[in-house]
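Heavy atoms only: backbone and side chains are in, while hydrogens, waters and symmetry mates are out. Just so you know, residue 1 is the first one in the sequence shown, and it goes up from there. None of these values were measured; they are calculated from a predicted model.
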Amino acid sequence: VANDYFHWELEFPEVFFDKYGRPKGDGAGFDAVIGNPPYVRVQQLLYASVDLYKTSFESAYRRVDISAIFVELSIRLLRHEGVSSYIVSNQFMSTDYGEGLRSYLLKNTTPSIIDLKDLPIFADALTYLCITLLIKRSHATGLNFADLHGIFKREAKGNIESLFTNLNFVNIPLTYLGSKPWNLAELGTLRVLDKLKARNQRLSEIGGARTGLFTGLDDLMMLQSGDQRLDVIEATLLEDVVTGPDPKRYYLTQPTKKVIYPYFEKAGETKLLSETELQQDYPKAYSYLVTHRSELESRMDSRRSFSENKSWYQLTRHGTLALFRTPKILSPGEVKRNSFCLDLEGYAFLVARVFAIVAPTTNLYFLLAILNSRVVEFYLHQVCPPKQGGYYSYNAGFLDQIPIPIIGFSKGMSRRNKVLRSAKKLYSNEDTNSLDLLLSLAISEVNTHYTDTVHDILAYLSEQMVVMHKEVHALVANFWTD
């Protein structure tokens, strides 16, 4: 850590002390602090700096965000009732690493936030921004929120600067706030989210989201189809791996990448091959890997190189074969529109770029229909961090909270089968009114609280969507290859 500390009290003694050198108490500090913190990627920070920040600032939580530290420091430098205003990334409102700053703001300020999202504030940067207006006080009673992005999109006229003159803030009560991710929206939207949570079960109650593998060095451990290295590595040591672009809405593209996977399953556990086993059973793969041993050993995991605490040929995160082989639903980690699809082939998948959803006792076709619904997409777009270009970043924590309807299987199979036969007949009918009639059938079942029959209809329609998307992708592929 560079020894270039700035001592605010020594540089500005008149701000913090009276003429006799006594602290000013609540009056100590600046009237206002404004700024635009520098953008520094966490990977560029020295470990010693990160450790110092985490011991010195409440907002330095998990993956350190420099802008959060700047915001906290600005509040420390204010007198009581002083005001801080920064333009910063809005990611702290919805990410895990923003928890420290969210807690700090609610304990020490009355916060107001103007959400800019991806408005073109800076010509040379594409990022999601907000403006914080923070009054230094003990314990917030709520948060004032203005969605400038939404206003600009709705009005679609004038310049951005002109919209600041008549901003209307919505006061969000503390009941909607806390250290967990903030859902800052109109109160009507927040109430809809409350109803979704209250009337449904969470995904985590019937299964949950899971993460996959991470090699730590994809250039050596991940091989693209057609790569000549595939000819010199035993096929039985390779796993097809799903990457971010592969999952589509209701359709999973055939993976084009393979990962070198030196593991085996025993008694339901995924275990690493010993180096002797690797050398004896997979001599070609071992010869390839040992050629790159120094590069593999230099991989880092939790600040330590593989040479210190791991076998040099293992993956940084290996996932489990049991998870890979189980029927599951997959989703990209960043999406514009929900793109959940089924994996019945037993593929591996990458950490963060792809998430898996398992639900052992739930019909996966029914669950797939729910996950691809507009309601779930609305929910996720409200709670997940927005990214550049209109994308949203999903993770296991947010996916686990997805509201899933509770199905009461109370009707006999005879009635369920009768309703499902009617639905299938309407779906297969070429009459243009058939889909409207099918929708009316589903709505009537909902209105009479026959959730089990609705479950069956949705599962059937979802299965047809999978078949249809598979046929469409095959036609497109044939078009380009003919």
With salt bridge (charged side-chain N to carboxylate O under 4.0 Å, His left out) as the rule and sequence neighbours excluded, what pairs involving [range] come up?
| range | value |
| --- | --- |
| residues 40-58 | Asp51-Arg303, Glu58-Lys107 |
| residues 30-40 | Asp31-Arg79 |
| residues 128-146 | Glu81-Arg137 |
| residues 350-372 | Asp218-Arg353 |

Run the ring pair (Phe, Tyr, Trp, His ring centres under 6.0 Å) test against [X] and tell me which residues pass, sequence neighbours left out.
| X | result |
| --- | --- |
| His318 | Tyr263 |
| Tyr39 | none |
| Phe6 | Trp8 |
| Tyr379 | none |

Between [X] and [Y], is there a donor-acceptor pair closer than 3.5 Å when you use the side chain of the first and the backbone of the second?
| X | Y | answer |
| --- | --- | --- |
| Thr326 | Leu323 | no |
| Ser462 | Ala459 | no |
| Tyr365 | Leu342 | no |
| Ser331 | Phe355 | no |
| Ser311 | Tyr313 | no |
| Lys24 | Glu14 | yes |
| Ser225 | Thr256 | yes |
| Thr55 | Leu52 | yes |
| Glu239 | Lys258 | no |
| Glu308 | Ser305 | yes |

N/O donor-acceptor pairs under 3.5 Å from side chains in residues 83-96, not counting sequence neighbours:
from, atom 1, to, atom 2, distance (Å)
Ser84, OG, Ser74, OG, 2.8
Ser85, OG, Thr132, O, 3.1
Ser89, OG, Gln91, N, 3.1
Asn90, ND2, Asp115, OD1, 3.1
Gln91, OE1, Lys387, NZ, 3.1
Gln91, NE2, Pro386, O, 3.0
Thr95, OG1, Gln91, O, 2.8
Thr95, OG1, Gly98, N, 3.4

Where is the tightest heavy-atom contact between [X] and [Y], given as atom of each residue plus distance?
| X | Y | result |
| --- | --- | --- |
| Pro181 | Arg102 | N-NH2, 3.5 Å |
| Pro255 | Val241 | CB-O, 3.4 Å |
| Leu344 | Pro327 | CD2-CB, 3.9 Å |
| Phe324 | Leu213 | CZ-CD2, 3.9 Å |
| Arg249 | Asn372 | NH2-O, 2.6 Å |
| Ser59 | Ala68 | OG-O, 3.3 Å |

Residues 389-404 side chain polar contacts: donor-acceptor under 3.5 Å, at least two apart:
from, atom 1, to, atom 2, distance (Å)
Tyr394, OH, Asn338, OD1, 2.5
Asn395, OD1, Gly397, N, 2.9
Asn395, OD1, Phe398, N, 2.9
Asp400, OD1, Ala209, N, 2.8

If we only count heavy atoms from C-beta on, is the [X] to [Y] side-chain gap below 4.5 Å?
| X | Y | value |
| --- | --- | --- |
| Phe340 | Leu367 | no |
| Met221 | Leu296 | yes |
| Lys257 | Leu350 | no |
| Tyr251 | Cys341 | no |
| Phe70 | Asp65 | no |
| Leu237 | Ile260 | yes |
| Leu252 | Tyr347 | yes |

Would you find more than 12 non-hydrogen atoms of other residues, nucleotides or ligands less than 6.0 Å from Arg337 atom CZ?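 It does not: Arg337 CZ has 12 such atoms or fewer within range.
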Hey, mind stepping through Leu73 and Phe57 against side-chain contact (heavy atoms from CB on, under 4.5 Å) and telling me if it holds? CA-CA 8 Å; Leu73 179 59; Phe57 295 92; 4.2 Å; yes
Just say parallel, tilted or perpendicular for the rings of Tyr250 and His469, cut-offs at 30° and 60°.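 Ring orientation, 0 to 90° scale: tilted.
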Scan residues 175-190 for pairs that pass side chain to side chain donor-acceptor pair (under 3.5 Å), counting only residues two or more places apart or in two chains.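 Residue pairs with at least one partner in residues 175-190: Tyr176-Asp194.
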What's the spacing between [X] [atom1] and [Y] [atom2] if we round to 0.5 Å?
| X | Y | atom1 | atom2 | result |
| --- | --- | --- | --- | --- |
| Leu177 | Thr141 | CG | OG1 | 10.0 Å |
| Asn108 | Ile135 | CG | CD1 | 14.0 Å |
| Arg76 | Phe30 | CZ | CZ | 14.5 Å |
| Asp246 | Ser339 | CG | OG | 12.0 Å |
| Met300 | Ser307 | CE | OG | 8.5 Å |
| Leu330 | Asp343 | CG | CG | 5.0 Å |

With sequence neighbours excluded, residues passing salt bridge (Lys or Arg N to Asp or Glu O under 4.0 Å) with Arg299: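 Scan of Arg299 (salt bridge (Lys or Arg N to Asp or Glu O under 4.0 Å), adjacent residues dropped) gives none.
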